[in-house]
Amino acid sequence: MATSSSDNTLLALLLALKTLKTPLTETERAKLYEVGEQLELDPDDWEFIREGLIAIISDNPSLNENFQDILTHLNTLDGNQERQLLPTGRELAQVNPIDNSIERRGYDEGEPEFESLEILNTSQKVAQKVLKGSNPVVAARELNWLERIIKTFLPPAE
């Protein structure tokens, strides 16, 4: 089953940060840090977190343009393609070297009628680390997982 638009928000943000041409301001980095904190402290309050995140993204025209283009493209992927968006264990170790296990919630291998939340959960864990770093753009650029997604699933940049 395809993930909803909100499930792709964090992944689109990470990809938009990776491809961002202009640096973030100190204020933008501080606001993204707060989002990382919220994701860590209360990931179940996703709709509230998402609203604040969209406001931050919308205030930066370059980031917003990247984000909207990527989100639109991610929302067109089918379920089989979405499974390929998940990072491998080695790719996760890049962000989380001590414990590269991801808590899997909302997915039961034997029950295909349930929507998988693996992409959202994985993106939340990675986003926490990236957004809480001193420079989210640099952190996102270092993620091989995102580079693989860009090369495989996104149209070439103009």
Side-chain angles (χ1 to χ4, degrees), residues 1-25 27-88 91-92 94-96 102-107 114-133 135-155 157:
M1 179 181 282
T3 57
S4 70
S5 163
S6 62
D7 291 343
N8 287 328
T9 302
L10 288 174
L11 181 56
L13 172 63
L14 293 171
L15 290 163
L17 287 170
K18 183 171 181 71
T19 59
L20 189 65
K21 303 279 190 261
T22 58
L24 296 172
T25 65
T27 302
E28 290 167 330
R29 288 194 308 263
K31 289 179 180 179
L32 289 174
Y33 180 89
E34 288 177 22
V35 170
E37 287 279 306
Q38 291 171 338
L39 284 169
E40 183 175 13
L41 296 174
D42 194 9
D44 293 331
D45 198 4
W46 171 240
E47 287 305 316
F48 172 77
I49 295 169
R50 184 179 183 277
E51 285 178 26
L53 187 58
I54 296 300
I56 295 166
I57 293 168
S58 297
D59 286 344
N60 181 322
S62 180
L63 180 61
N64 189 43
E65 182 178 352
N66 280 1
F67 174 79
Q68 294 300 332
D69 289 345
I70 292 168
L71 184 61
T72 299
H73 190 75
L74 288 176
N75 286 336
T76 65
L77 298 179
D78 65 37
N80 290 332
Q81 291 172 314
E82 288 175 352
R83 299 289 301 156
Q84 295 174 37
L85 297 178
L86 292 170
T88 65
E91 290 167 335
L92 276 177
Q94 227 187 333
V95 194
N96 204 6
I102 293 295
E103 177 184 351
R104 298 188 188 263
R105 297 180 283 165
Y107 178 72
F114 291 113
E115 181 173 345
S116 170
L117 297 177
E118 286 182 280
I119 294 172
L120 176 61
N121 292 335
T122 301
S123 295
Q124 283 180 352
K125 295 286 186 181
V126 174
Q128 285 174 25
K129 299 285 185 181
V130 170
L131 298 180
K132 289 177 65 177
N135 192 336
V137 173
V138 171
R141 287 182 181 153
E142 293 174 353
L143 296 175
N144 295 337
W145 166 49
L146 298 178
E147 189 62 36
R148 177 176 52 83
I149 293 172
I150 290 170
K151 287 179 182 176
T152 307
F153 295 104
L154 300 181

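We're numbering straight along the sequence, starting at 1. This is a predicted model, so every value here is computed, not measured.
Ser62 and Leu20 get closest at one heavy-atom pair: OG-CD1, 3.4 Å. For Lys18 against Ile150, the heavy-atom pair with the smallest separation is CD-CD1, 3.7 Å. Of all heavy-atom pairs spanning Ala140 and Leu146, the tightest one is O-CD1, 3.7 Å. Smallest separation of non-hydrogen atoms from Leu63 and Ala16: CD1-CB, 3.8 Å. Summarising the geometry of Ala12 relative to Phe67, their closest heavy-atom pair is CB-CE1, 3.6 Å, with the distance given to 0.1 Å. The two residues Leu14 and Trp145 have their closest heavy-atom pair at CD1-CZ3, 4.0 Å.
Taking CG from Asn135 and CZ from Arg29, the interatomic distance works out to 5.5 Å, rounded to the nearest 0.5 Å. With values rounded to the nearest 0.5 angstrom, Asn60 atom CG is found 6.5 Å from Leu24 atom CG. Atom CG of residue Leu13 and atom CG of residue Asn8 lie 12.5 Å apart, to the nearest 0.5 angstrom. Remark: Thr9 OG1 to Trp46 CH2 distance equals 5.0 Å, nearest 0.5 Å. How far CG of Asn66 is from CG of Leu17: 9.0 Å, rounded to the nearest 0.5 Å. Rounded to the nearest 0.5 angstrom, Glu147 CD and Thr152 OG1 are separated by 9.5 Å.
With sequence neighbours left out, Arg141 forms a side chain to side chain donor-acceptor pair (under 3.5 Å) with no residue at all. Checked against side-chain contact (heavy atoms from CB on, under 4.5 Å), Asp69 has the following partners two or more places apart in sequence or in another chain: Glu65. Ala139 meets the side-chain contact (heavy atoms from CB on, under 4.5 Å) test with Val130; sequence neighbours excluded. For Gln128, there are no side chain to side chain donor-acceptor pair (under 3.5 Å) partners, not counting sequence neighbours. Considering only residues two or more places apart in sequence or on other chains, Lys132 meets the side chain to side chain donor-acceptor pair (under 3.5 Å) condition with Glu37, Glu40. With sequence neighbours excluded, no residue forms a side chain to side chain donor-acceptor pair (under 3.5 Å) with Glu142.
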Test side chain to side chain contact (heavy atoms under 4.5 Å, CB included) on Leu10 and Leu53 and set out the steps. CA-CA 9 Å; Leu10 288 174; Leu53 187 58; 3.7 Å; yes

Practice problem: Walk me through it: do Thr76 and His73 pass the test side chain to side chain contact (heavy atoms under 4.5 Å, CB included)? | Solution: CA-CA 5 Å; Thr76 65; His73 190 75; 4.2 Å; yes

